[in-house]
Amino acid sequence: MNNPIYSYSSWIRSVFAFPVQKISIDAGFTCPNRDGTVGYGGCTFCDNLSFNPSYCTARHTVKKQIEDGKAFFARKYPAMKYLAYFQAYSNTYSNSIERLKSLYEEALAEDGVVGLVIGTRPDCVSEQLLDYIERLSGQTFVTVEYGIESANDRTLKAVNRGHTFECARKAIEQTAERGIITGGHVIIGLPGEDAAECLRQAPIISSLKLTILKLHQMQIIKGTRLARQYAERPFHTYSAEEYMKLVARYLQLTRKDMVMERFVSQSPKDMVIAPKWGLKNYEFTNMLVNYMKANDIYQGQLSTRKVQTCQTQTEQ
């Protein structure tokens, strides 16, 4: 068996004839579950500082953040090209399409930037915006990446997402049908979701019109509402070995052509309450690949596209 996982690194090499690196950008957006549109306080697990690199700050322009990002990576990768990654909060959340166009096109105007990755929520896109992104994707590389987090509406409500799974399904469908590369993000181990519930959701997520999927473990980050809930009533968080075995089973239920971008989050260790693994993404991925090879497990092994729509609304 070669690589039992369809990895992002192998896929992106088929897209570009040169190496590319994402540069994270904080363009000063917020989220509708923070500003009162659908709620306050944001997701219970969220602290954007836990994944923003040092050069990524809304105090600086998009141009400045890209310049700083290029300087940061140039030390290791002098011949690199870049994808401008609008990462922090919901990067389509604006009443002004013109403002969004200006930010995206400011990034694309920078030397060495060969595409965009736009991270957002499924309730923060419109037909008008998707029409624009469709036109843009005809000119350059564009991925729209949606935070799905869970296919269980009860969980989404508990973590204060402010949208349903059906909302995510619809946004993904509308995006993919325009020929836009569409990504999704799911958290494994959210409160109230055990291994059985995680595996129930795997074929549902796999049935979505996603090109790319990111998974990562539930982390309890200091200062979040989830941290306070955890202090009052601790719940199970996975060890690295438990999580590795669960992800391997999840991948068996994931279709073979789903590009798997990552499996773990790497928040600063001084911000993490639990679990504390001390593993980088590539270290965990190597562990996972070796485990899958040793046990003759591969992505798509048990996958089927025949998933009933009604399953998406099942609650525990």
Side-chain angles (χ1 to χ4, degrees), residues 5-9 11 22 24 42-53 56 85 87-90 117 119-122 143 145-152 155-156 158-159 161 165 168 182-195 197-199 201-202 204-206 208 210-222 224 226-227 230 235-251 253-254 258-269 271-289 291-292 299:
I5 300 167
Y6 187 20
S7 69
Y8 184 83
S9 59
W11 174 78
K22 290 181 184 177
S24 295
C43 301
T44 61
F45 53 78
C46 183
D47 182 344
N48 269 260
L49 292 176
S50 67
F51 53 77
N52 272 7
C56 179
Y85 182 18
Q87 179 180 19
Y89 300 107
S90 301
V117 179
T120 193
R121 290 164 51 98
T143 297
E145 180 183 292
Y146 290 107
I148 304 167
E149 316 314 359
S150 174
N152 188 316
T155 302
L156 293 173
V159 299
R161 278 298 289 178
F165 177 70
T182 310
H185 181 272
V186 170
I187 300 175
I188 304 295
L190 284 163
E193 294 194 351
D194 59 12
E197 172 59 12
C198 167
L199 295 175
Q201 293 182 29
I204 299 171
I205 297 297
S206 185
L208 299 174
L210 293 170
T211 299
I212 302 166
L213 181 63
K214 288 181 177 179
L215 303 177
H216 81 64
Q217 80 281 23
M218 179 71 261
Q219 289 190 117
I220 316 299
I221 304 298
K222 292 177 183 178
T224 61
L226 190 60
Y230 183 76
F235 52 85
H236 180 70
T237 59
Y238 291 112
S239 69
E241 184 176 3
E242 287 175 322
Y243 181 72
M244 175 189 69
K245 291 179 179 179
L246 180 55
V247 169
R249 294 171 67 193
Y250 192 102
L251 288 171
L253 298 165
T254 302
M258 183 90 82
V259 178
M260 302 304 302
E261 183 165 357
R262 74 172 193 195
F263 301 102
V264 297
S265 177
Q266 301 175 45
S267 300
K269 61 182 180 180
M271 297 183 72
V272 178
I273 296 172
K276 295 186 176 183
W277 296 348
L279 289 172
K280 296 184 181 298
N281 191 20
Y282 78 89
E283 292 172 326
F284 177 85
T285 301
N286 288 342
M287 255 176 52
L288 175 64
V289 167
Y291 172 79
M292 292 176 72
Q299 182 178 335

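In this text, all values refer to a predicted model and were calculated from it rather than measured experimentally.
- Rounding to the nearest 0.5 Å gives a distance of 6.5 Å between CG of L213 and OG1 of T254.
- Side-chain contact between K269 and K276 is absent, with no heavy-atom pair separated by less than 4.5 Å.
- A side chain to side chain donor-acceptor pair (under 3.5 Å) with H185 is found for one member of K214, E145, E149 and no other, namely E149.
- Expressed to the nearest 0.5 Å, how far CH2 of W277 lies from CE of M244 amounts to 10.0 Å.
- When atom types are taken as modelled, the side chain of R161 and the backbone of R121 share no donor-acceptor pair closer than 3.5 angstrom.
- For the pair Q217 (side chain) and S265 (backbone), a donor-acceptor distance under 3.5 Å is present.
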task: Might you work through the side-chain contact (heavy atoms from CB on, under 4.5 Å) test for F165 and L208, ending with a clear yes or no?
output: CA-CA 11 Å; F165 177 70; L208 299 174; 4.0 Å; yes
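- Between the CE atom of M287 and the NZ atom of K245 there is a distance of 10.0 Å, given to the nearest 0.5 Å.
- Contact between I220 and A227 at its shortest, heavy atoms only, is CG2-CA, 3.6 Å.
- In plain terms, the two heavy atoms of Y238 and A195 that are nearest each other are OH-N, 3.4 Å.
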message: Could you walk me through whether I221 and I273 satisfy the side-chain contact (heavy atoms from CB on, under 4.5 Å) test, starting with their C-alpha distance in whole Å, then the side-chain angles of each, then the deciding distance to 0.1 Å, before giving a yes or no?
response: CA-CA 6 Å; I221 304 298; I273 296 172; over 6 Å; no
message: Go through it in stages, so that I can follow the logic: the residues are N152 and L190, the test is side-chain contact (heavy atoms from CB on, under 4.5 Å), and I'd like the CA-CA distance, side-chain angles, deciding distance and then a yes or no.
response: CA-CA 10 Å; N152 188 316; L190 284 163; over 6 Å; no
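- Residues Y250 and L199 come closest through the heavy atom pair N-CD2, 3.6 Å.
- Scanning both residues, P275 and Q219, for their nearest heavy atoms gives CD-CA, 4.1 Å.
- Atom NZ of K222 is separated from atom CG of D47 by 12.0 Å, given to the nearest 0.5 angstrom.
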task: Test side-chain contact (heavy atoms from CB on, under 4.5 Å) on T155 and E197 and set out the steps.
output: CA-CA 11 Å; T155 302; E197 172 59 12; 5.6 Å; no
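- Side-chain contact between Y6 and L251 is absent, with no heavy atoms from C-beta onward closer than 4.5 Å.
- Side-chain atoms of Q201 come within 3.5 Å of backbone atoms of A151 as a donor-acceptor pair (strictly under, hydrogens ignored).
- Under the 4.5 Å side-chain criterion, counting only non-hydrogen atoms from C-beta, S206 is not in contact with L253.
- Heavy-atom neighbours of R262 CZ from other residues, nucleotides or ligands within 6.0 Å: above the threshold of 12.
- Between the NE2 atom in H216 and the OG atom in S267 there is a gap of 7.0 Å [rounded to 0.5 Å].
- Checked by atom type and distance alone, the side chain of Y243 pairs as donor or acceptor with a backbone atom of F263 at under 3.5 Å.
- Between L246 and I188, the closest side-chain pair of non-hydrogen atoms falls below 4.5 Å.
- Atom CD of E241 is surrounded by 12 or fewer heavy atoms from other residues, nucleotides or ligands within 6.0 Å.
- Nearest approach of K22 to Y8, heavy atoms of both residues: CE-OH, 3.8 Å.
- Contact check for R249 versus C198: no side-chain heavy atoms found under the 4.5 Å cut-off.
- Between the side chain of T285 and the main chain of N281, a donor-acceptor pair closer than 3.5 Å is present.
- Closest non-hydrogen pair, T143 versus G183, comes out as CG2-N, 4.2 Å.
- Distance CH2/W11 to CE/M260: 13.5 Å, rounded to 0.5 Å.
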